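Computed from a predicted model, the values in this text were never measured in an experiment. Every heavy atom of this structure was used, including side-chain atoms; hydrogens, water molecules and symmetry mates were not.
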Amino acid sequence: MSGIIISNASYIKEINNGGLKKMSRNILALQQNLTNITLTHELELERAGFYYELLYQKPEEILRNIVEQQKRFTKSEYVELIQLYYRSNRHSKNNNKRSEKQLNLHLVKLNEIMENESESSGEEKSNGVDLC
């Protein structure tokens, strides 16, 4: 279920704080209803809730979170998350090229982080990626 909620983030044109709150409430309501039906706590939906809560952070914080903690999502899920952040935070047409440049920079850094993660699986994580 959470996989569907996360993968469909690509269909969201943009989302604001009100939309994020509504999405979180809906995920929680879905989790509670499924718990009442199945009589088991649906932990997987917490993953979906956490995914959308990441949008309250800036891309630099999201990338830092991956390095400092652990990766909770796939590379493509993180890519979509960062792209949704930029789709939702375009302030003016003047910043469009700058935003596109920053988006590309963050996607390159994400790629580096994910490659470092896959290379160091089982080993201590490399913190050598510059997040600024």
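- Remark: Tyr85 pairs with no residue by the ring-ring contact (aromatic ring centres under 6.0 Å, His included) rule, at least two apart or across chains.
- Listed by chain and residue number, Glu80 satisfy the salt bridge (Lys or Arg N to Asp or Glu O under 4.0 Å) test with Arg87 (two or more places apart in sequence, or in another chain).
- Judged as a side-chain contact (heavy atoms from CB on, under 4.5 Å), and not counting sequence neighbours, Lys101 has no contacts.
- Checked against side chain to side chain donor-acceptor pair (under 3.5 Å), Thr40 has the following partners two or more places apart in sequence or in another chain: Thr38.
- A 4.5 Å side-chain heavy-atom check between Met114 and Lys71 finds at least one atom pair inside the cut-off.
- Residues satisfying the side chain to side chain donor-acceptor pair (under 3.5 Å) criterion with Glu44, sequence neighbours excluded, are Ser2.
- Rounding to the nearest 0.5 Å places NE2 of His106 at 5.5 Å from NZ of Lys109.
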Can you list the steps and then say if Gln83 with Leu107 is a side-chain contact (heavy atoms from CB on, under 4.5 Å)? CA-CA 9 Å; Gln83 289 175 336; Leu107 293 179; 4.1 Å; yes
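- Residues passing the side-chain contact (heavy atoms from CB on, under 4.5 Å) test with Leu43 are His41, Glu46, sequence neighbours excluded.
- Here the side chains of Asn17 and Leu20 are in contact, with some heavy-atom distance below 4.5 Å.
- A distance-only check finds no donor-acceptor pair linking the side chain of Gln57 to the backbone of Leu54 [under 3.5 Å].
- Side-chain contact between Leu63 and Glu60: absent, with no pair of heavy atoms (C-beta onward) separated by less than 4.5 Å.
- Take Ser76 and apply the side-chain contact (heavy atoms from CB on, under 4.5 Å) test, not counting sequence neighbours, and it matches Thr74.
- The CE atom of Met1 sits 12.5 Å away from the CD1 atom of Ile6 when rounded to the nearest 0.5 Å.
- Using a distance-only test at 3.5 Å, with no hydrogens or angles considered, a donor-acceptor pair links the side chain of Asn33 to the main chain of Ala29.
- Judged as a side-chain contact (heavy atoms from CB on, under 4.5 Å), and not counting sequence neighbours, the contacts of Ile12 are Ile15, Met23, Tyr52, Leu84.
- No side-chain heavy atom of Leu110 sits less than 4.5 Å from a side-chain heavy atom of Ile62.
- Pairs passing the salt bridge (charged side-chain N to carboxylate O under 4.0 Å, His left out) check and including a residue from residues 13-27, sequence neighbours excluded, do not occur.
- When all heavy atoms of Ser7 and Ile4 are compared, the closest pair comes out as OG-O, 3.3 Å.
- Summarising the geometry of Ile27 relative to Leu45, their closest heavy-atom pair is CG2-O, 3.5 Å, with the distance given to 0.1 Å.
- No side-chain heavy atom of Asn116 sits under 4.5 Å from any side-chain heavy atom of Val67.
- Evaluation of the ring-ring contact (aromatic ring centres under 6.0 Å, His included) test over residues 55-74, restricted to residues two or more places apart or in two chains, returns Tyr51-Phe73, Phe73-Tyr78.
- For Asn111, the side chain to side chain donor-acceptor pair (under 3.5 Å) test picks out Lys75, Glu115, with sequence neighbours left out.
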